Amino acid sequence: MTRSSQTTGAAFEKARGEGRSALVGYLPAGFPDVDTSIAALKVMVDAGCDVIEIGLPYSDPVMDGPTIQAAAQQALEAGIRITDVLRVVEAVAATGTPTLVMTYWNPVEAYGVERFATDLANAGGAGLITPDLTPDFAPEWIAAADARGLDKVFLVAPSSTDERIAMTTAASRGFVYATGVMGVTGTTQATAAGVAPLIARTKALSPSGGVDLPVGVGVGVSTGAQAADLAAYADGVIVGSAFVRTLLDHPGDAAAGLKSLGALTEELARGVAGAVRA
Amino acid sequence: MGTPESGYDADAFGWFGGAGAFGGRFMPEALMAALEELDIAWQKAMVDPTFIAEFERMLQDYAGVPSMLYDAQRLSERAGARILLKREDLNHTGAHKIRNVLGQALLTKRMGKTRVIAETGAGQHGVASATAAAYLGLDCTVYMGEVDTERQALNVARMQLLGAEVIPVTSGSRTLKDAINEALRDWVASVDHTAYLFGTAAGPHPFPSLVLSFVRGIGDEARQQCLELTGALPDAIAACVGGGSNAIGLFAGFLDDPEVDVYGFEAGGDGVESGRHAATIFAGTVGVLHGARTYVLQDEDGQTVESHSISAGLDYPGVGPQHAALAAGGRATYLPVTDAEAMDAMALLARTEGIIPAIESAHAVAGALKVAEERPGQTILVNLSGRGDKDMGTALDYFGLGTDGSTGESE
């Protein structure tokens, strides 16, 4: 049974209507293999993720720490191709949960920007998160995304100037991704006190004060307590390395890995729901 | 000193060869403010006479610059053309790289930062960075692929003796490109107090232009020296190209002289047809790597393909965006030189002139010898970018040198 896909914005809106933050979950496609990654992402959907991010494994991931690097490397060594990533997108998007691809820029450029946008849209993908592509260097992607109504999720960081935050929020659709710490994924823990100023600046510098553009916080979020802490400020809480770790911790035992993954998803979902919104 | 008016300058967004063509700044947002800050600080420094005077004083008093232009007569007899060698191998630390690191480290001090990080392949840029950090009193961390730390243990020891921390990189292919990745990861977390001393004229804007501004003395000096020595400009110039800093430094002095033909020699490894090479412009395709759009060795999904060269300094699957623009625009010609051709040239230069070049620079010599065959009697100016002390282990293995009494002639 295929439900019709919700937009990313609607998923955030639904969470907001329930008085909670949205839970955004990340896993790289093809880790530990293509079929298991599909199964794992479906576990995350069933256990409470509101939005899914599928990583496109890349040989030179400069924003990722050791955990996601290891998973991407494993997927690449097993021979994952962009066409496989799109197959994972199609399978996960068929659940009705908004499904974005998180990718470094070069694979998209090599595949062809127009071709990638077309194939992503045809697979039911909601859009792209681009950790090494900022709006000022993204005219091709912005045009291709706008032509198809795809989400353009760009990042803001604690180091971003006000001018750049305004430029980034104006160009983003779906949500804007606030990096919780100055650092790579899976290494440092984000805190509400550390992230709150960036969220406040991002909201203030968004068109219409951020009403139409949710702010998700990622990089440095791994536990339910932390998710609860951050959910008090952010519209969405994004978790990646912690999910990857549950599978890395159970090599060769997919069932145990998926069980652990489901338990973590439930813990995080309780976290984002239990928070008292600021 | 100053920015080149060659038509190959970057625009305000860091594009070479037209908006969107080559270069740019494909980087995480977390680093964008720092790159803008660096761009502004660098541009201010380059028009500040105090900064320029201090940089030139350091080059002269500390680095041994300007390097001489040497008329290599015995090599010229063998080549059938007049070969002039720009002796960057005689600079302090043994290569052109000291120019770049002194400029960047001085800029770091000016910006009030206290720590520098660097990536290194063979260790030459790491040694140069550690040297500049020691000289200017900065903390220094060098990222080096684990494979390279094993191949270049002496350079690891040099950096450590100079007070730098050397971190072996165990991710990916554990070579230069992964060392750059790891340095960028460090920088994302440390950018408030740390400067990244980028080792070549590649990477995100403003690094290609910034590095050129510090190494362009190579070409400016060589042009003047050639006019004084020969009364004319050279017919052709040649340099090896990995990332491309020594080459762009030489080329910049001659790009406005249309009568001078410009050659870059890439590492052909086992031969381009073997697939084991680092001839990025000759055999690569346009993509984005380490923050710039340029030629890249990549597969059809845009995954970086590992490069191969006997010379660690040329063993990089990308290339500076200025070279990409010069190649696409036809102003410069880029050709591969194999490991075997480079090693033959290394031995030939040693035997004819008593100069042992770095294997990187031997690629330029080998390329110049090929160019000379088509240009009898003409003048070819070659950048001898580094010396070969660091390569004795490779030479020992390659030529079978040592106690078996070999003469070092390759068969």
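In what follows, chains carry the letters A, B, and so on, assigned in the order in which the sequence lines appear, proteins first and then strands, with residues in each chain numbered from 1. Here the structure is a predicted model, which means the values were calculated and not measured. No hydrogens, no waters, no symmetry mates; every other heavy atom, side chains included, goes into these values.
- Without hydrogens or angle criteria, B/D301 side chain to A/R81 main chain gives no donor-acceptor distance under 3.5 Å.
- Of all non-hydrogen atoms in A/P57 and B/Q303, the two that sit nearest each other are O-NE2, 2.8 Å.
- Aromatic ring pairs are classed by plane angle as parallel below 30°, tilted from 30° to 60° and perpendicular above 60°; the pair A/F137 and B/F26 is tilted.
- Listed for the B/R185 side chain is no donor-acceptor partner under 3.5 Å among the backbone atoms of A/V184.
- Taking every heavy atom of both residues into account, A/A110 and B/Q298 meet most closely at CB-OE1, 4.2 Å.
- Residues B/E29 and A/S160 have side chains that bring a donor and an acceptor to within less than 3.5 angstrom of each other.
- Residue B/A30 comes nearest to A/S159 through the heavy atom pair O-OG, 2.7 Å, listed as atom of the first residue, atom of the second, then distance.
- When the candidates A/Q73, A/R164, A/M63 are compared by the number of heavy-atom contacts under 4.5 Å with chain B, A/R164 comes out ahead.
- Looking at heavy atoms from C-beta onward, A/L155 lies out of side-chain contact with B/P28 at the 4.5 angstrom threshold.
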**OP:** Report the C-alpha separation of B/M27 and A/L133 in whole Å, then their side-chain angles, then the decisive distance to 0.1 Å, and conclude whether the side-chain contact (heavy atoms from CB on, under 4.5 Å) test is met.
**Re:** CA-CA 6 Å; B/M27 275 282 120; A/L133 183 74; over 6 Å; no
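- When every heavy atom of A/S59 is checked against every heavy atom of B/T304, the shortest pair comes out as OG-N, 2.9 Å.
- When heavy atoms are compared at a cutoff of 4.5 Å, A/P61 approaches chain B by way of both its backbone and its side chain.
- With chain B as partner, the option from A/V181, A/D64, A/T168 having the largest number of non-hydrogen pairs under 4.5 angstrom is A/D64.
- Listed by chain and number, the residues in a side chain to side chain donor-acceptor pair (under 3.5 Å) with B/S129 are B/H125 (sequence neighbours excluded).
- Highest contact tally toward chain B, considering only A/D60, A/V156, A/V108, A/L56, is held by A/D60 [criterion: heavy-atom pairs under 4.5 Å].
- Counting heavy-atom pairs closer than 4.5 Å to chain A, the top-ranked of the candidates B/I180, B/L184, B/V188, B/L31 is B/V188.
- Interface remark: A/P107 contributes backbone and side-chain atoms alike to the contact with chain B (heavy atom separation under 4.5 Å).
- Within 6.0 Å of the CD atom in A/E163, the count of heavy atoms belonging to other residues, nucleotides or ligands does not exceed 12.
- Taking each heavy atom of A/Y58 and B/L289 in turn, the nearest pair found is OH-CD1, 4.0 Å.
- At least one side-chain heavy atom of B/R293 sits under 4.5 Å from a side-chain heavy atom of A/W105.
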